[in-house]
Amino acid sequence: QQSDVGGAILLGAVLDGVPESVVIGISLLESGSVGVAFVLAVFISNLPEGLSGSTGLRKAGHSGRAILFMWTIVCVASAAAAALGFAAADVLPDGTVGALQAFAAGAILTMLADTMMPEAFDESGHRPWIGLVTVLGFAAAALLQFVA
């Protein structure tokens, strides 16, 4: 099962990261910069995702080198998606950014609900506060837009 957890999180990172990166590229072209709050929210959401996925892949027997290679591919795909978003922003139809953000949000919510939260609940010894911590994490990410 650990193989499924690590692989699911890796797949979720791609499904979330690529459209997220396209939005970053589009935002960079449209406004000349990317909001600090958005970058912080992306970092905050991706850090536990990467740690959990790497742990699952390691428990499944993947070497450190293989795990690093997999995450490098995710980073390269995300960077390429940001470049694509930057290059194609002028020709994309209205509503594209919203559709990409909705897809990325759906991917991250699916990964959270199917993989990360059950794993966190199991790994914590079935502590009931896992849901509360998840909600606080979302709240912190939402509040960043007002602080930064």
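If you're wondering where the values come from, they're calculated on a predicted model, not measured in any experiment.
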Using distance only, find each side-chain donor-acceptor pair of residues 79-96 under 3.5 Å and give its atom names and separation, not counting sequence neighbours.
residue: Thr96; atom: OG1; partner: Pro93; partner atom: O; Å: 2.6

> Quick one: hydrophobic cluster around Leu68, which other residues, with the 4.5 Å side-chain cut-off, linked directly or via members?
Replying inline: none
> About how many Å separate CG of Leu57 and OG of Ser63, when rounded to the nearest 0.5 Å?
Replying inline: 10.0 Å
>> Tell me the closest heavy-atom pair linking Pro19 and Val14, and the distance in Å.
In response: CD-O, 4.0 Å
>> If the condition is side-chain hydrogen bond (donor to acceptor under 3.5 Å, both in side chains), which residues does Ser54 pass it with, not counting sequence neighbours?
In response: Trp71
>> In this structure, would Ile67 and Leu11 fall into the same cluster of hydrophobic residues linked by side-chain contacts under 4.5 Å?
In response: no
>> Which heavy atom of Leu10 sits nearest to which heavy atom of Met70, and what is that distance?
In response: CD2-SD, 3.5 Å
